Amino acid sequence: MSETTNPLGLSSIPSVSSEGLVPVGRRTSLSSYLAALWNRRHFIIAESRAKMSSSTRKNLLGYGWLFLNPLLSVLAFWFIFGFILQTSRGVPNFLGFLVVGVFFFGYTGKCLTGGTGAIRSGASMIKGFQFPRAALPISTVVRNFLDFMPTLLVMVIVLAIAPPLEEITWRIVLVIPVVILQTIFNVGLACFLARLGHKIPDLTNFMSIVSRFWLYGSGVFFSIEDRLGDHPALLAAMQYNPMHAYLTLVRNSLLYGVDSDPKMWIVGTVWAFGLLIVGFLFFWRGEENYGRL
């Protein structure tokens with residue numbers, strides 16, 4: 001049996017041998033699958049960078065839109081929610097509160113929609129090469145992570161120069177484990193939704209609606225503690241929202257310089273690793289079906 005590889009480390013579909021045809025996309029053991037996925041790590045990074053470059057190359061400002069998009073979104077949301085609807089009442093440093101919410105939720109929101117369509121958007125690659133299909137949703141997260149890093153720098157600069165200025169404490173380093181937890185959560189989310197998106201083509205359109213509901217329910221534009229104070233049961237449920245946990249941890253560490261409730265760290269950690277395990281296993285169990293597009 002013979003097979004060829006391309007520069008990215010992907011194996012082409014094996015040729016026919018005396019033993020017969022080799023099933024394409026056959027599910028291997030979990031340990032073998034993880035090893036194969038690790039061996040394709042260079043492909044994942046290269047594919048993510050290629051998509052990142054191709055998306056920015058079409059615009060006149062190129063990579064500049066990585067900075068302008070979130071900034072313009074913050075400006076629009078500040079005008080609507082802070083100026084018109086006055087949700088800024090009772091929220092210290094509402095501009096900083098909004099900046100953190102928009103930037104960090106945008107990272108997960110893009111992974112949600114991109115992960116849902118990862119298998120279908122990679123149909124041609126699936127038909128032409130043999131590789132662990134989990135590389136596709138994971139590369140979506142890697143691409144959005146690469147997009148997120150420069151916007152994270154812009155966010156820090158905006159918070160450092162925009163009044164009211166907050167005192168920066170040692171807790172700023174806690175933003176790093178929050179980003180790691182959120183990225184782990186995004187990988188699990190993208191893998192879980194990639195299999196669902198493969199089975200249900202219309203799910204991609206539906207996810208944009210889900211993303212909007214999640215956006216408003218995560219405390220991006222207002223404090224859910226203030227708005228839902230009269231509804232303790234709903235408030236308690238909303239506090240288990242993983243994005244609310246991540247936003248609260250970042251705001252307390254970066255913006256307000258205070259210690260977060262340990263419950264928020266527990267919620268964020270359990271969601272991250274729990275969804276990673278469930279989402280990845282759910283995706284892996286459907287490996288045999290992804291070549292049937």
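Residue numbers count from 1 along this sequence. This structure is a prediction, so every number in the text was calculated from the model and none was measured. All values below come from the heavy atoms of this structure, side chains included, with hydrogens, waters and symmetry mates left out.
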Report yes or no: is the cationic atom of R195 (NZ for Lys, CZ for Arg) closer than 6.0 Å to the six-membered ring centre of F282, at no more than 45° off its axis? yes
Taking the six-membered ring for Trp and the full ring for Phe, Tyr or His, determine whether the centres of Y107 and F185 are under 6.0 Å apart. no
Would F131 and F43 count as a close aromatic pair, with their ring centres under 6.0 Å? yes
S260 versus W265, closest heavy-atom pair with distance: CB-NE1, 3.9 Å
Do I184 and L34 share a hydrophobic cluster (ILVMFWY, side-chain heavy atoms under 4.5 Å, transitive)? yes
Side chain proximity check, L203 to R120, heavy atoms < 4.5 angstrom: no
Roughly how far apart are I126 CD1 and S121 OG, rounded to 0.5 Å? 8.0 Å
Begin from the C-alpha positions of F283 and Y290 and carry the test ring pair (Phe, Tyr, Trp, His ring centres under 6.0 Å) through to its verdict. CA-CA 10 Å; F283 183 91; Y290 300 138; 4.6 Å; yes
K110 to F145 six-membered ring, cation-pi geometry met (6.0 Å, 45°): no
If you count heavy atoms of other groups shown closer than 6.0 angstrom to CZ of R41, is the number above 12? yes
Shortest non-hydrogen contact from W284 to L30? CZ2-N, 3.5 Å
Show your working on side chain to side chain contact (heavy atoms under 4.5 Å, CB included) between L255 and N93 and close with a plain yes or no. CA-CA 8 Å; L255 198 59; N93 192 351; 3.6 Å; yes
Looking at Y216 versus F222, is the centre-to-centre ring distance below 6.0 Å? no
Apart from F213 itself, members of its ILVMFWY cluster (side-chain separation under 4.5 Å) are I209
So do W38 and P132 actually touch side chain to side chain, heavy atoms under 4.5 Å? no
Could you identify which residues cluster with I266, counting Ile, Leu, Val, Met, Phe, Trp and Tyr as linked when any side-chain heavy atoms lie under 4.5 Å apart, either directly or through a chain of such contacts? V270
Under 3.5 Å, is there a donor-acceptor pair between the side chain of S139 and the main chain of L136? yes
Between Y240 and V220, is there a shared hydrophobic cluster once you connect ILVMFWY residues whose side-chain heavy atoms come closer than 4.5 Å? yes
Consider only side-chain heavy atoms of I, L, V, M, F, W and Y, link residues closer than 4.5 Å, and tell whether L247 and V210 are in one cluster. yes
Is a donor on one side and an acceptor on the other found under 3.5 Å between the side chain of T113 and the backbone of G109? yes
Evaluate the side chain to side chain contact (heavy atoms under 4.5 Å, CB included) criterion for residues L152 and F103: first the C-alpha distance (whole Å), next the side-chain angles of each, then the deciding distance (0.1 Å), finally the verdict. CA-CA 7 Å; L152 185 61; F103 279 54; over 6 Å; no
Scanning both residues in full, the closest heavy-atom pair of R171 with G257 reads NH1-O, 3.0 Å
Show the numbers, then the answer: is there a side chain to side chain contact (heavy atoms under 4.5 Å, CB included) between W271 and N241? CA-CA 9 Å; W271 267 108; N241 176 352; over 6 Å; no
Under the 3.5 angstrom rule, does the side chain of Y246 hit a backbone N or O of G268 as a donor-acceptor pair? yes
Cation-pi between R251 and F97: NZ/CZ under 6.0 Å from ring centre and within 45° of the ring axis? yes
Heavy-atom pair with the smallest gap, counting every atom of G115 and T140: N-CG2, 3.8 Å
For the hydrophobic clusters of this structure (ILVMFWY residues joined by side-chain heavy atoms under 4.5 Å, transitively), does one cluster hold both F273 and I176? yes
Minimal non-hydrogen separation, F280 against A134, with atom names: CE1-CB, 3.9 Å
Membership question, hydrophobic clusters at under 4.5 Å side-chain separation (ILVMFWY): are V156 and L75 in the same one? no
Below 4.5 Å, heavy atoms only, C-beta onward: do T269 and L181 meet side chain to side chain? yes
Could you tell me the separation between the CZ atom of R143 and the CD1 atom of I45, rounded to the nearest 0.5 Å? 15.5 Å
Is it the case that the side chain of S253 and the backbone of V250 share a donor-acceptor pair, with hydrogens and angles ignored and the cut-off at 3.5 Å? no
If we only count heavy atoms from C-beta on, is the L37 to I44 side-chain gap below 4.5 Å? yes
Please test V178 against M264 for side chain to side chain contact (heavy atoms under 4.5 Å, CB included), starting from the C-alpha separation and ending with a verdict. CA-CA 11 Å; V178 177; M264 290 292 99; over 6 Å; no
Rounded to the nearest 0.5 Å, what's the gap from OG1 on T169 to CG on L174? Could you check? 8.0 Å
What's the spacing between L275 CG and L189 CG if we round to 0.5 Å? 6.0 Å
Please round to the nearest 0.5 Å and tell me the distance separating atom CE of M207 and atom CG of L193. 5.5 Å
Output the distance between atom CD1 (I200) and atom CZ (F206), rounded to the nearest 0.5 Å. 10.0 Å
In this structure, which one of L249, I224, V267 forms a side-chain contact (heavy atoms from CB on, under 4.5 Å) with H244? I224
Mind checking whether T151 and D147 have side chains closer than 4.5 Å, heavy atoms only? no
Nearest heavy-atom approach of L254 to M155 is CD2-CE, 3.4 Å
Y33 side chain vs E287 backbone, donor-acceptor pair below 3.5 Å: no
